[in-house]
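Atoms within each ligand, like the ligands themselves, are counted from 1 in listed order.
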Amino acid sequence: MNDLSPFPEPIYVTRPIIPDLSNYMERLQSIWSKKWFTNNGEQHQLLEAKLQSHLKVPHLSLFNNGTIALITACRSLRLSGEVITTPFTFAATPHVLTWNNIKPIFCDIDEKTFNIDSNKLESLITSETTGIMPVHVFGMPCNTEKIQKTADEYGLKIIYDAAHSFGTEVGNMGIGNFGDITMFSFHATKQFHTAEGGALTFNDPALKTRIDLLKNFGIKNEEEVIMPGINGKMNELQAALGLEVIKHAKDEQKKRKKLFDCYLKELKSINGLILPNIEKNIRYNYQYFAIRIEEEKWGISRDEVYEKFKQFNVHPRKYFYPLCSQYACYKQLPSASITNLPVANKIVHEILCLPLYGDLTNEDIEKICAILKSFEKKSN
Ligand code: T4K
């Protein structure tokens, strides 16, 4: 029988990789002696090259965070009018469109992957549509083939929000190779992080110049500013941290896989719990362990489970509740209506992301699962 006493320390949904402090200090020492803190410094250049090869992408540009990166991506492709996106995402995704004066058009999601339903895209395209912004939710790839086909048919650009997808691969391809541009977030809650940070990846070499100009105010040289850019630059302290964190990225992924498999084993065959499924050709990064709790089958709701876990010092997250389409700033949009988004509106009440990070042990996972199972109603 498992010990079901509360965990002595809080168990959060995630914890960041903490690299060796003395190695980080050495990098800081080098920054100090060079007196160079930002604007494409040595650490920045090293990290850009390192990530390009780690993510298996032809071009990469670092940013101070994922949101500014995504704003810049829209600018770089000159998106305007309407862009189709998902309501099941973090606030940043539709907000980025709004900050570009673009109207977000919400498309329903797929029940299995929680990603944008690629079969519903076409019906949302109008003469105003210039692009599609899908999200690889929880690090699971979208149907990139179908999305590309639709985009090609209607001459639309694709910007993938891969905030959760560091290290995910499809076949042997890094997830950052699909669409026109892909955005990664390096926030502390992500598997690879620079405390705050992000990157854009892309195949078109011409975009490298344009994106690097846009993230540095459009400054070409000391006397020429050639476009209205923004300040999206990653600084040397962030890049130095990234160079230490990246050393642990592969190991972290391996540890998470072990814990993920432990969850699958402990929670299998429970009627009313739907577990994540990794398709054969996908190398998943194990960013999240997201389950669906079907109240009518399991007898207890996701919200009750979420609350009960707190008594055991376990803090899972209800990502992404509420749906972006329910925010005050978007709910008046016709595409935000519940009838347009039936799957998203159902699933958003069922998903719970359980704790998953490398510092946990199999015993921790077994205990979290035992606690979860103890919530099951006796009459069920
Ligand atoms: N697109 C998508 C799909 C995204 O998910 C995000 C960000 C973005 C775009 C934008 O990228 P960035 O501009 O952020 O680079 C967190 C993150 O703040 C956010 O970056 C992330 N998505 C989102 C999914 O998660 P919260 O509000 O859940 O964060 P918070 O502070 O509650 O942290 C969650 C847990 O992580 C805590 O309970 C404990 C742990 N934690 C957190 C921090 C900050 C730590 O252990 N250490 C830490 O330093 O949004």
Side-chain angles (χ1 to χ4, degrees), residues 7 9-19 51 61-74 83 85-100 104 106 109 113-116 133-142 159-166 168 175-176 179 181-201 215 230-235 238 241-242 245 252 256 285 287-290 306 309-310 313-324 327 344 348 351-360:
F7 281 94
E9 297 296 328
I11 304 290
Y12 294 117
V13 66
T14 190
R15 301 301 333 243
I17 291 178
I18 305 292
L51 292 180
S61 188
L62 290 172
F63 277 81
N64 48 8
N65 64 61
T67 305
I68 296 287
L70 211 47
I71 288 178
T72 308
C74 294
V83 166
T85 190
T86 168
F88 191 69
T89 182
F90 190 61
T93 319
H95 286 355
V96 156
L97 297 174
T98 304
W99 275 63
N100 275 290
F106 294 112
I109 62 171
T113 62
F114 318 141
N115 289 327
I116 205 161
M133 188 177 280
V135 180
H136 301 300
V137 175
F138 303 142
M140 290 285 189
C142 295
I159 299 176
Y160 280 107
D161 178 337
H164 307 167
S165 308
F166 190 90
T168 290
I175 194 74
I181 301 182
T182 296
M183 180 280 284
F184 293 90
S185 164
F186 304 152
H187 183 264
T189 51
K190 304 301 182 297
Q191 212 174 116
F192 166 77
H193 75 92
T194 56
E196 292 271 4
L200 296 180
T201 63
K215 78 171 181 191
I230 197 167
N231 184 354
K233 289 165 288 142
M234 176 179 278
N235 68 48
Q238 290 172 289
L241 179 57
V245 170
E252 172 73 15
R256 284 175 180 238
N285 70 347
Q287 172 69 48
Y288 288 105
F289 189 84
Y306 170 77
F309 258 134
K310 286 186 193 165
N313 215 1
V314 178
H315 305 273
R317 289 298 286 265
K318 299 188 264 181
Y319 292 134
F320 289 105
Y321 177 85
L323 290 176
C324 297
Y327 297 174
V348 76
I351 292 182
L352 194 64
C353 292
L354 300 181
L356 184 65
Y357 48 91
D359 281 347
L360 291 173

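With sequence neighbours excluded, no residue forms a ring pair (Phe, Tyr, Trp, His ring centres under 6.0 Å) with F7. Not a single ring pair (Phe, Tyr, Trp, His ring centres under 6.0 Å) links F90 to another residue, sequence neighbours left out. Annotation: ring pair (Phe, Tyr, Trp, His ring centres under 6.0 Å) contacts of Y321 (sequence neighbours excluded): H349.
No side-chain heavy atom of I11 sits under 4.5 Å from any side-chain heavy atom of N313. Using a 4.5 Å heavy-atom threshold, the side chains of Y357 and R256 count as touching.
Put simply, the side chain of T201 gets close to the backbone of G176: a donor and an acceptor are under 3.5 Å apart.
Each of Y12, V13, T14, R15, P16, N65, G66, T67, T89, F90, A92, T93, V135, D161, A163, H164, M183, S185, H187, A188, T189, K190, G197, Y288, R317, Y319 has a non-hydrogen atom positioned under 4.0 Å from some atom of ligand 1.
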